[in-house]
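Shown next, in structure tokens, is the structure this report addresses.
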Amino acid sequence: MILWEALGSVLIGLAVSLGALRWLPARFGRFRSRTLTLGTGPVAGLFGGLLARSVLGPGHALATLTASLVVAVVLLSLLLRPAGPPRRSATA
């Protein structure tokens, strides 16, 4: 069962990263690197799924996959670079 949850978590992370690259509007910003984004999604999904499995235990497949989705979205959002020119600080 853990193998299927891990595989599902990786596929969820890959789907999130592909979806973010394809459909995220430009006003939210751009990703730093396409390969970094495609690599971060599955790894983040797997990390979130394994973390949820270790906390919840076996028998909670839906909650595990939901946690992998949440972790993948959160970690991919950290890769976004804001749109527009960089802002300068008044103290710089």
Side-chain angles (χ1 to χ4, degrees):
M1 188 67 177
I2 191 170
L3 179 66
W4 293 111
E5 288 178 5
L7 183 63
S9 297
V10 168
L11 291 176
I12 285 173
L14 184 63
V16 167
S17 62
L18 285 171
L21 283 173
R22 183 170 175 111
W23 291 300
L24 193 65
R27 69 174 181 267
F28 290 129
R30 297 184 49 182
F31 287 101
R32 301 181 193 280
S33 167
R34 182 176 173 85
T35 56
L36 180 64
T37 304
L38 289 175
T40 301
V43 171
L46 182 63
F47 175 70
L50 293 177
L51 183 67
R53 170 113 176 156
S54 66
V55 169
L56 298 173
H60 296 87
L62 186 60
T64 300
L65 295 176
T66 303
S68 72
L69 174 70
V70 169
V71 171
V73 167
V74 168
L75 287 180
L76 280 174
S77 72
L78 295 176
L79 296 178
L80 277 174
R81 184 174 36 195
R87 293 186 171 194
R88 304 276 303 183
S89 173
T91 60

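What you see is a predicted model; the values in this text were computed from it and never measured.
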Are any of the side-chain heavy atoms of Phe31 and Leu36 separated by less than 4.5 Å?
no

As an exercise, state the distance from CG of Leu79 to CZ of Arg34, rounded to the nearest 0.5 Å.
13.5 Å

Do Ile12 and Leu38 belong to the same hydrophobic cluster, where Ile, Leu, Val, Met, Phe, Trp and Tyr are linked whenever their side-chain heavy atoms lie under 4.5 Å apart, directly or via other members?
yes

Which of Val10, Val71, Leu51, Leu11 passes side chain to side chain contact (heavy atoms under 4.5 Å, CB included) with Leu46? It is Val10

Is there a path of hydrophobic side-chain contacts, each under 4.5 Å between heavy atoms of I, L, V, M, F, W or Y residues, that connects Leu18 with Val73?
yes

Heavy atoms, side chains only, cut-off 4.5 Å: are Leu76 and Ser17 in contact?
yes

Say you draw a straight line from OG1 of Thr40 to CG of Leu78; how long is it, rounded to the nearest 0.5 Å?
9.5 Å

Work out which heavy atom in Ser9 is nearest to a heavy atom in Gly49; give both atom names and the distance.
OG-CA, 3.7 Å

Any side-chain heavy-atom pair of Leu24 and Leu80 under 4.5 Å:
yes

Are Leu14 and Leu21 joined in one hydrophobic group, where the rule is that I, L, V, M, F, W and Y side chains link up if heavy atoms are under 4.5 Å apart?
yes

Within one Ile-Leu-Val-Met-Phe-Trp-Tyr cluster: Val55 and Leu65, side-chain cutoff 4.5 Å
no

Out of curiosity, Ile2 CD1 to Arg53 CZ, how far, rounded to the nearest 0.5 Å?
4.5 Å

